[in-house]
Each structure stands twice: as structure tokens, then as C-alpha cells.
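Please read the structure below before turning to the comments.
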Amino acid sequence: MNKLAKRLTWIAAGAAVGVAVAKLSKKRGARSADPQGLRHSGTTVLETERLILRRFTLEDAEPMYQNWAHDPEVTKYLTWPPHQDVDVSEEIIDSWVSQYEKGNYYNWAIELKELGEPIGNIAVVQQNDRARQAHTGYCLGRGWWHQGIMSEALAAVIDYLFSEGYLRIDSRHNVANPHSGDVMKKCGMRYEATLRQSGWDNSGIHDEMLYSILAEDYTGGDRP
């Protein structure tokens, strides 16, 4: 092999090594940029004095439909319409169940112990892993309003999400639905701002009130 051929061979080999090193460095860089400190344990069972927060199953379709999903008063300030029949509830639950294998999927049925069936649900509806931020949403059957049940459920979820490594948990509500804000305040969330015409639900476009709680300020229940 002449000198020119050897030189070209060495250049080609060096280029190949360079590409490999660049790819490895890129992968390492991507890993180092991943959010740190999030466990992503997923939707695990949480228990409070009156409630069991657990994963939905297809057997929950009938109580979901009967206890809250068919009621236009429950969905008035939500973004999905009342379910027309139990088949709709079953389809929705089926789509949820298929996501439970994901560690970053948090969606609980709120089961009332004395009833033995779900009466609402609570979930992380948006999240930003890099900022370690979770945005929560919830709904509850009308027959169980104003009994402290939703606050009990939200408090358990807040405690769990902080144990998962989130640093900020927030939620919003339609200004026309102040009772939802009362739930947030009872759980230690602080009012931050009113966002003008930033949301829409079955009542139309509306102003939203934003509440949050930070891990550094949290003084709630026992943490693992």
C-alpha cells in the first residue's frame, strides 16, 4: 500500500472514530440533560381516612357513569361533555388502563371506602419533567360535594407527588367555580394569578385562577 493510500485509510478510520465518539458524546449529553430526582413510580394505591385512590379497571365503567360522568353539573367546568351512556365511560377507562404501564402516568379513581366504588377521579393532566412540575385536575360526583372529600384526595396526591421528586404542583380553576379554589387552598396551595381568558370548558372561554404549592414550602403528611 503506497503512502497516499495509507493516509486515506487513516483519515477514513479517524473519521469513523470521530463519528462514533460524537454519537456517544451526544447520548451522554442527552442523559445528563434528563431531569434528575423523579422516581416515576406511576399510579400506586394511596389510602386516606375515607378514601382509596387506585387505578381504574373496566369494572368501574358503570359507577363512573352513574356517579359523576353523566351529570352536566359535574362537567360544567370541565373540558369533556357528559357521557351519553356507559359505553363511553368504558371506552375512556380502557384508554386510561392502557397507559398505567408508564411510570409517569398518574390517574386515580377516588373510591369511597364505605361505598366500595369510585365517586370521582384525580390525575396529573400536564407535567414538565425538566422543571419537575405537575399540574393536577380532578372531578367528583355531585352527591359528595362539600364534604371535604376532594381536599382529602388532593392532599394525598400532593404528598405522593412530592415524594416522587416533583418540586412544584399547581392547578387552575374557572373563576366562576370558586369551590375548586377552596379545595386548593385547604391543601396548602397558594393563589398566584388570575389568567385572563386563558381557559375553556363547557361553560365557554373564561378567566382562570392559578394556585400552586412548592416542595420547599410543603409541611404536609409523612413523606417516604
Side-chain angles (χ1 to χ4, degrees), residues 42-100 105-127 134-161 169-187 189 199-204 206 208-209 211:
T43 308
T44 61
V45 175
L46 308 176
E47 185 172 359
T48 69
E49 181 180 353
R50 294 179 290 176
L51 308 172
I52 295 175
L53 307 184
R54 57 166 177 80
R55 295 182 177 188
F56 279 93
T57 69
L58 292 179
E59 287 72 27
D60 295 322
E62 183 67 31
M64 177 183 183
Y65 174 74
Q66 295 292 345
N67 291 340
W68 76 91
H70 77 285
D71 189 347
E73 281 299 306
V74 171
T75 63
K76 181 177 181 180
Y77 299 116
L78 300 178
T79 58
W80 48 270
H83 294 183
Q84 295 302 306
D85 53 48
V86 71
D87 290 341
V88 177
S89 300
E90 185 171 341
E91 289 178 12
I92 294 296
I93 291 177
D94 187 52
S95 70
W96 292 344
V97 169
S98 66
Q99 299 187 69
Y100 278 131
Y105 186 67
Y106 303 92
N107 184 10
W108 291 269
I110 302 172
E111 179 180 313
L112 187 64
K113 290 180 180 179
E114 65 179 26
L115 186 62
E117 60 186 39
I119 57 174
N121 85 289
I122 182 168
V124 173
V125 295
Q126 294 176 356
Q127 54 193 300
H135 184 75
T136 59
Y138 46 78
C139 61
L140 186 69
R142 191 173 6 159
W144 298 275
W145 290 356
H146 312 306
Q147 299 176 32
I149 289 175
M150 198 70 252
S151 299
E152 192 171 322
L154 179 58
V157 167
I158 287 173
D159 189 72
Y160 175 68
L161 292 177
I169 301 165
D170 56 36
S171 195
R172 302 177 184 179
H173 71 86
N174 187 322
V175 294
N177 184 25
H179 292 301
S180 186
D182 293 338
V183 169
M184 298 170 196
K185 287 185 285 187
K186 284 181 66 175
C187 293
M189 302 180 88
W200 62 270
D201 56 28
N202 291 321
S203 69
H206 58 267
E208 291 183 304
M209 298 183 74
Y211 287 79

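Counting from 1, the numbers follow the sequence of the chain as shown.
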Taking atom NZ of K113 as the centre, report whether more than 12 heavy atoms of other residues, nucleotides or ligands fall under 6.0 Å from it. yes
Any donor and acceptor pair, going by atom type alone, linking the side chain of W108 with main-chain N or O of T43 inside 3.5 Å? no
Rounded distance (nearest 0.5 Å) linking atom CD of Q99 with atom OH of Y105: 4.5 Å
In this structure, CE of M209 is separated from CG of N174 (nearest 0.5 Å) by 10.5 Å
Judged by atom type as modelled, is there a donor-acceptor pair below 3.5 Å linking the side chain of D71 to the main-chain atoms of G141? no
Nearest-0.5 Å distance that lies between atom OG in S171 and atom CG in L154: 7.0 Å
Measure the CE-CD1 distance between M184 and I169 for me, rounded to the nearest 0.5 Å. 12.5 Å
Are the side chain of E73 and the backbone of R142 linked by a donor-acceptor contact shorter than 3.5 Å? no
One pair to check against side-chain contact (heavy atoms from CB on, under 4.5 Å): D159 and L46. What are the steps and the verdict? CA-CA 10 Å; D159 189 72; L46 308 176; over 6 Å; no
Is a donor on one side and an acceptor on the other found under 3.5 Å between the side chain of D85 and the backbone of V88? yes
Looking only at heavy atoms, which two atoms of S180 and Y138 are closest? And how far apart? OG-OH, 2.9 Å
Please step through side-chain contact (heavy atoms from CB on, under 4.5 Å) for the pair H179 and D182, ending with a clear verdict. CA-CA 5 Å; H179 292 301; D182 293 338; 3.7 Å; yes
Is the number of heavy atoms from other residues, nucleotides or ligands under 6.0 Å of Q84 CD greater than 12? no
Atom pair CG (D60) and CZ (R54), whose distance is rounded to the nearest 0.5 Å: 4.0 Å
Check whether more than 12 heavy atoms from other residues, nucleotides or ligands sit under 6.0 Å from atom CH2 of W80, and answer yes or no. yes
Check step by step if side-chain contact (heavy atoms from CB on, under 4.5 Å) holds for L53 and Y160. CA-CA 11 Å; L53 307 184; Y160 175 68; over 6 Å; no
If the test is side chain to side chain contact (heavy atoms under 4.5 Å, CB included), which one of I119, I110, N121 qualifies with C139? N121
Evaluate Q127 against Y106 for side-chain contact (heavy atoms from CB on, under 4.5 Å), listing each step before the verdict. CA-CA 10 Å; Q127 54 193 300; Y106 303 92; 4.2 Å; yes
Nearest 0.5 Å please: distance from the CG atom of L161 over to the OG1 atom of T136. 8.0 Å
